Every structure is written in structure tokens, then in C-alpha cells.
Amino acid sequence: MLKIFDRTEEVLALVFLAGTVLAVLVGAVGRSIGIPMPAGPEIAQLLLIWTCMFGADLTIKRGDHIRISALPDALAPRYRRVLIVISLVSILAFLGYVAFLGFELAMSNWARPMGTSGLSYAWVTLALPVGSVLMIVSLLRRLAVHGLLYSLEPEAPDQEYPL
Amino acid sequence: MTSAMILLLALGFMVIGTPVAFAIGIASLTYFLLPSTFMPDMVAVQRIVAASQSFPLLSVPLFILVGHLMNGSGITPRLTDLATTLAGWMRGGLAQASLVLSALMGGISGSAVADAAMQSRVLGEPMIRRGYTPGFTGALLSIGGLITATIPPSLGLILYGFLGEVSIGRLFVAGIMPGVLLTIALMLATAWVARRRDYKPENDRRPTFGEVATGLRAGFWAILFPVWLLVGIRFGVFTPSEAGAFAVAYALFVGMVIYRELTFEKLIHALVASVRDIGMIMLIILLSGAFGYVITFERVPQTIAEVMLGLFSSQAVLLFVIAGFLLVFGMLVEATVIVMLLTPILVPVITAAGIDPVHFGLVMMTLVTFGGMTPPVGVSMFTVCGILRCSYKDYTAEMVPLAVAVLAVVVIMILFPQVVLFLPDYVMR
Amino acid sequence: DYKLNLSTSQNSQDPLVLAMESAKKKIEERTKGEVKITIYPSSQLGSDNDVIEQIRNGANIAVLVDAGRLAPFKKELGILAAPYLVDDYKQYAAITSSPVYAGWVEDMAKSTGLRLMNYNWFQGTRQMFTKKAVKSPADLKGVRVRTIDAPGWVATVNAMGATAVPMPWSEVYSALQLGAIDGAEAQLTGAYGIKLNEVTSDLAFTNHVQLFTGLLTSEAWYQSLPENLRKIVNEEFAAAGDEATRNTVAKGEEVLKKMKEGGIVVNEVNVDDFRALVPVVYQQMGLEEARAALQPYIKPAQ
Ligand code: NA
Ligand code: NA
């Protein structure tokens, strides 16, 4: 079950990225040959934020987000645990509130157009709450599987590949 | 005052090991939660989303993808061979070749860290086997990445141009000369080290014309890459913001049609690796969007500008003061973060002082990217030392001559703006 | 105490921002500091669409926007940025003092919480800047012209015979310089602001849109103001809009002179040729009824 979920997320992320490239190309080539497709850049930007949020979640799953570990690394595990708990609680609260606000924002503003393509900007906004929820789930899963000490960093760098 | 508190809060979270992106995000959201803030909390979320909605920013994920495609498409090994042919005869042959390789890769890759990581995997082991100390090997491969990051395309300059509303096309062209100067300066420093340590050449003689020609032919399509990009931009086929997508298409074309090394499997691998890198870097950029709003709303740039302009009347003095500050800050904080935080603040300041933002951009990006190669905190340093297992202490001791070379180039750039500006002035006018 | 943040995409040297400064001074004086105003030029708070979203979520901001940005919230108001609605910018005063316009404004306030306080900040008349001479619609065939990224603007430029390319204003100069587009439609002062005359050779006075803008704020904030303060705010912002308009017109003449000295070729066009092509825009945007409703108030220019 979880495996299907992970796989789907990865495939979607790849589709979003490939789509971003394609949309930019179509937009640029179209304009060059005199048939501008204003929807190209708009779709690229829509797919970009979805790529970013899904990519951010995949990175959470690997415990790979850039962080400065000098201080925690210098501490004994029991003190390190305290710092990690502070980080984790803050991050989860942050993501929870962002998910809530982002969802409200998207719902409140279906009328806002992205530009000329007729797409609603709400589709752009929606990426943030969806990504935040994904990241909350992934953090909790890491906590369950890898334990508190390795919730934010990989147990062995370069070895945890979920794919 | 409030904004200083928010900045301290962000730095505090970073120090205790919270991922940088979240440290910035949490601190910014805190600002909106303060009772003294009249803005609705939702604005924080909107700024995060809006940060993704700038067209020039699209080049960041696109050039990350290009970087990952190069390895799979066979471009990297061909350029490595060419670099060894070109520089292998010098004293410290492998070290010199790694710098030439950085310059060659510079035309395709936009990231110092990516270059350093790739070179550590390809050249690190062989160098240490040939008797180069791990500290010097690590410092050289890490700092060589600065060349890659300066020669166009450059992720840092794209970000700077995007945030500071500076022409990315001009920034790109302006990066060529500093990139060349950095290559020369680092090669001189390496020659000096190689002489003292008696690091041996790789080849016993200079390359023959035929050898160079063979190398050039093998690497032809890869070397042509930056030429294509600049020509495409110059003749309006695509805008600088769109160049990344064409670079992806070109890497795919070279890898699949010409070198026939890019399999479907390798392509998927490159996409997966890119999505992760994009998630990592872009989350910082997005969450910094809310931070930028705080800075703007609290009118921080205007205040700093007034103080700075009141204190320093000469452009060179102002630049040196800011450069010193960037160097120190850059040693402590990740480059992307500094660019995100400081570009919107500093560009109005230097513009008001009559400094060309293209000139300043090159000075700023060289310094903060270099900061990622220095202790105590440096992503390039961590990456390279992680791969080569060199100690941070050795790395730090061995980087000194290379650091001197980099800083000498920065001083030249500050004192002689024309070194940076004559090419963009010539090409883009 | 009542605080209001003013947002605009124009830079701090623009006549519109200068007029905002003087309104700020007068409002703070007349209300004895009860209403405090902060000005954020150059889209510092976000793009116009972002700021509208902030306002809808309760931020105490007023943003200077053209009617194209209002159309998603009140379709009929979009007509104020429609092509060849009037012949002369001076005719807008009669429209914005009509009961039809007032009805639209009230409707929008009720249904979306967005209050349009005024619509008299003139930014100039949109003209065609191109790299080749444009004398008739036929000359625009295949010419890629940058316009604003809103459906009404794209429809207008396409109807006039060109190929519309929506693109951020900040990219226009380099896109023209490098040949990614062949022209841009803009008002004189805005065009001179980003030195469009350096990267184009020809200017056609098509006069296709009178680009007015107005201050849009939150209905909740507007209603929270006591009657006496609201009166002062309304009067001073309206006066500032008129001041901005006068200065924009004067500055437009001044920069036209400079652009001509710089060598730009001004081509005579028969505006009627272009006017004949735009009814389709009103059709596409569903503005035909709105146009009929305004007809009684569109008086010939004096
Ligand atoms: Na580069
Ligand atoms: Na550092």
C-alpha cells in the first residue's frame, strides 16, 4: 500500500518535471515561429511548483534537506534528541498551519486567473497545502521507521534510496 | 528591529540543526503571528506560492536537470579526457586538468556543488593514488567548482538576476571574464603548490596537435554547448529564462542521438536525482519568499541603504566593505540562503551608489559561492570531504593558496569594473 | 488609528507615486494622523494579482490597478480597459460619474469584498512600439507584440492584426533587444521608463486603449473608516488621481520629444482602420451589453 503510494508520488514528480521542460520548449518555439502559445509559460509555472513540492517531499523521505549539523553532531545523543524534538515540533506545526492556510487561500480565490490561459491560480496555490500534507506524513513515517535521531538526517548518507 | 529578531530566529533554528528551508519558513511565519503584524497570516502562504511564479526562476530546475543529464549522456567523460590532454603535461598534471575540466564544464553546468561532487567521484580517487594529499585534493576539487559556477550558465547569477531584477543575459556574458581569470589564478596557485610538493605531470610531454584535435573532436558537441546557448539567446531564438529548456533538449539530443549513451534507465535516473535536488533547493527559495516580504514590509533595504550611503562615499570603498561582509557571512551561511536574503537588500543600495548591478552581481556571487567552499559551514566542502573522506582540518590548511588566488581575482574585479563589464557592454549593446 | 498601505507596480519616480506621496501628506494632515499611509512602489508587496489576493484576505492595502485586473471579479468593469471605448482620456470622467459605473462598483464590493475607490489615475494612452514601420493593420501581420497577461489585452492586440505575446514587463527590453519579440504596446511614459525607444525604431499612434487605473481596497477596511475620515480619504485620493493624470500627460509630451530626438520614427496611422477591427474584442469578452449601457455617458470629446 505504502509502496504504491511512494511509487505514484515519484512518477508524478517526474511527470511534473518533464512537463515543465516541455511546456517551456513549446512556449519558446511557438513564439519563435510566430505562433505564440501563452499557455506554455503558464503551464510551466504551474508544473514547476508541483515539481518543487513533490521534490521537497521526496527529499524529506531521504532526510536530505540542507541543514547545519555542526552543533547537534558535537552533542551527546540525549542533548541532540532535545534539539531534534524542538526542530520536529516546529516543522510539523509550521507545515500544519501552512497546509491549513494554503487550502483556505486556494479555495477563497478560484476567481483569480493565472494569466490568459483560463486556468485558475488556485491550482498553483493548491500545490503548497498538498505538499505540506505530504511532508507531514513523510516526517511521521521517518520518525516511526528511523527513530528520532535519524528523522531529519539519513542513517548512512548516499545509501537510503527509496527507489 | 522586528526584522533583526526574525533573522536571529531563523539563524537560531539553523544552528540547532533545523533544515535551512524550514528555519527560514518558521521564522517568517512567526512574524505574521506577532500581534504587532497587521497582515493576515495567509499573506505568508501567498508569498511562498508567489516565489515560484517568476518565469526566470524556471531556469533553476532546468539547469539542475541539465547537470544530471550530462553524466548519463557521455558528455562528462569526454570532457575529462580532453582536459587531461590539454593540461596533463604541466607539473601537477591531474590537478591542472581538474581546473581545465571545471572551465569546460562551466559552459554547461551552473552549479559549483554539482561540479565538485562530480569531479570528486571522477578525479578524487586517482589524484590521491598519485600522491596528492587528500586535503589538497579536496580543496582543489571543491574550489575549482567556483569556475564552473562563474562561467555561464550560472545558477547563482540566475537567482541574483531574478531577485534583483537584473538582466540575466548581461549577467551571463559578464561571467565569462571572471571565469577565465579564476581559471588562470587557480592554475597559478596550483603550479606553485605543485612545484613545492613536486607533484608530477601526467604526461611526459606537451600534447601534439593531433592529440588535441582528437580530444576536441570527441568533446566537440559538449564544447559547442555554451556556444549554442549564447548564440540562441543573442539571436532571440529563446530568452535567457528559456535557455535551460533548450539546454535540456540539447543534452538529450547529444546523449541519445550523437553519443548514443543515454539509455531510458539513465534518463529516469537523471530525472529522479534532479527532482530531489530541485525539491531541496527550491524549498529554500519558496520559503524565503515569505522572508522577503517581511524584509520589504519592514523597509529594511531603505534603512540599510541610507546608513551605508551616508557612511561610504566612494564606490570602491563601499564595494570593499560589502565584499568583506559577504565573505564573512558567506563562510557561515549557505550561498542560496544569502542570495535569497541579501540580493533584494543590497541591489538597491549599490544601484543608489551608482554601481552597475551586473558588476556587483559577479562580485557578490563569486564571494558567496566561495563561502560554500570554506569552513566552518560550506556545502561544497562537506560534499567533497564526504566523498574523499578528507579531514576538515587538512582541507582548511591546504586551501590557503587557492583562497588567496580567488580573493586576488575578486580584488581585481572590484578595482577594475571594466574587466567584468566590457564584454556585456560590447555584446549586449 | 487607521493604517493603509498603498501598493503599485510603478517605481518611486513615477508621477503616480509622486501623487500618492502628496495624497499621503494631505490625508495625514487633515485627519491629524488618524489615518496613516505607507507607500510601496515597484510591486514590493507582490504582483498586482497577489496584492488583490492579499486584500481579499483582509489586508489593509489599496492597490493601483487597471480594469483588466478587475474583470475576473466584475466582468463589466473590464470594459474600462477595452480598446477604443472613447476617443480621448478626458471622456472617462463622465463614465466614472455615471450611475451605471457606480452600480458595478457596488456589486463588486458586495460580492467580492473589493472596493474600487476611484478610477481616475491616468497612465497614458497605449501606442505601438515596433521594429518596422506600422501604418495600417496589415503592417502588424506576423509582428509579435508584447502585451499585458490578461485575456482582454491579448484579444485586443490580436484583433488589431498583430500576434500577442504576454510577457512580464521586466523582460520586455531584453526580449526586444535579442529579437524574441518584434514590438510592444505601451504608454509613452512607461515605454520611456524602460527605454523601449532604444530597442525599437518605430512608434505608431494607434491610441488603442486609454490606460486608466484606480485604487482598489478592502470593503471591510473602507467601511471601518468613520464617515468623516472616509470623506477626506476619498477626496484626497481623487485629487491625487487628477494630479497624477495632469503630470502624466505633461510628462508624456516631454518624453515624446526626447524619443523623437533619439531618432524614433513616428508613423501616422488612421485610427479608424484599427477601431473597425475591435468589436470582436467586446464580443469575446462579453462586454457588448456593458458598452451599450455606457453609451449615453460617452460624450464626444471637447
Ligand atoms: Na556555469
Ligand atoms: Na563556508
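Please read these numbers as outputs of a predicted model, since none were measured by experiment. Throughout, a chain's letter reflects where its sequence line sits, starting with A, and its residues are numbered from 1.
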Peer 1: Within a 6.0 Å radius of atom CZ on A/Phe5, are there more than 12 heavy atoms belonging to other residues, nucleotides or ligands?
Peer 2: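 Check passes, neighbour count above 12.
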Peer 1: Taking C-beta and beyond as the side chain, do C/Glu53 and A/Leu105 meet within less than 4.5 Å on heavy atoms?
Peer 2: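 When only atoms from C-beta onward are counted, A/Leu105 and C/Glu53 do touch, with a gap below 4.5 Å.
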Peer 1: Which bit of C/Asn158 is near chain A, if near means a heavy-atom gap under 4.5 Å: side chain, backbone, both or neither?
Peer 2: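 Contact with chain A is absent: no heavy atom of C/Asn158 under 4.5 Å.
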Peer 1: Counting only heavy atoms from other residues, nucleotides and ligands, does the tally under 6.0 Å from CD of C/Gln223 exceed 12?
Peer 2: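 Enclosed: over 12 neighbouring heavy atoms sit under 6.0 Å from CD of C/Gln223.
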Peer 1: CD1 of A/Ile4: more than 12 outside heavy atoms within 6.0 angstrom?
Peer 2: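 Open: at most 12 neighbouring heavy atoms sit under 6.0 Å from CD1 of A/Ile4.
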Peer 1: If you draw a 6.0 Å radius around CH2 in A/Trp110, do more than 12 non-hydrogen atoms from other residues or ligands fall strictly inside?
Peer 2: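 Yes, the 6.0 Å shell around CH2 holds more than 12 heavy atoms from other groups.
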Peer 1: At a heavy-atom separation under 4.5 Å, does C/Asn49 approach chain A through its side chain, its backbone, both, or neither?
Peer 2: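 It is both, since atoms from each part get that close.
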Peer 1: Tell me, out of C/Gly142, C/Ala155, C/Ala71, C/Pro151, who's got the most heavy-atom pairs with chain A below 4.5 Å.
Peer 2: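 Answer, by heavy-atom pair count under 4.5 Å with chain A: C/Pro151.
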Peer 1: Looking only at non-hydrogen atoms, find the nearest pair between C/Asn57 and A/Ser108 and report the distance.
Peer 2: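 Minimum heavy-atom separation between C/Asn57 and A/Ser108: OD1-OG, 3.9 Å.
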Peer 1: How close do C/Asp149 and A/Thr116 get, heavy atom to heavy atom, and via which atoms?
Peer 2: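 Distance-wise, the nearest heavy atoms are C-CG2, 3.6 Å.
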Peer 1: Below 4.5 Å from any heavy atom of chain C, which atoms of A/Ile35 appear? Answer side chain, backbone, both or neither.
Peer 2: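 For A/Ile35, no heavy atom lies under 4.5 Å from chain C.
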Peer 1: Take atom NZ in C/Lys3; do more than 12 heavy atoms of anything else shown fall under 6.0 Å from it?
Peer 2: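 Result for NZ/C/Lys3: open.
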Peer 1: Quick check on C/Pro72 against chain A: is it the side chain, the backbone, both or neither that has a heavy atom closer than 4.5 Å?
Peer 2: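 Contact with chain A is through both the backbone and side chain of C/Pro72.
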Peer 1: Is it true that a side-chain atom of A/Arg31 and a backbone atom of C/Ala180 form a donor plus acceptor pair closer than 3.5 Å?
Peer 2: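 Yes, because the side chain of A/Arg31 sits within donor-acceptor range (under 3.5 Å) of the backbone of C/Ala180.
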Peer 1: So for C/Ser47, is it side chain, backbone, both, or neither that comes closer than 4.5 Å to the heavy atoms of chain A?
Peer 2: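 Contact with chain A: side chain only.
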Peer 1: Checking heavy atoms, do the side chain of C/Ala164, its backbone, both or neither come under 4.5 Å from chain A?
Peer 2: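 Only the backbone of C/Ala164 comes within 4.5 Å of chain A.
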Peer 1: Output, in order, the C-alpha distance, side-chain angles, deciding distance and verdict of side-chain contact (heavy atoms from CB on, under 4.5 Å) for C/Asp50 and A/Arg112.
Peer 2: CA-CA 9 Å; C/Asp50 284 337; A/Arg112 174 175 173 181; 2.9 Å; yes
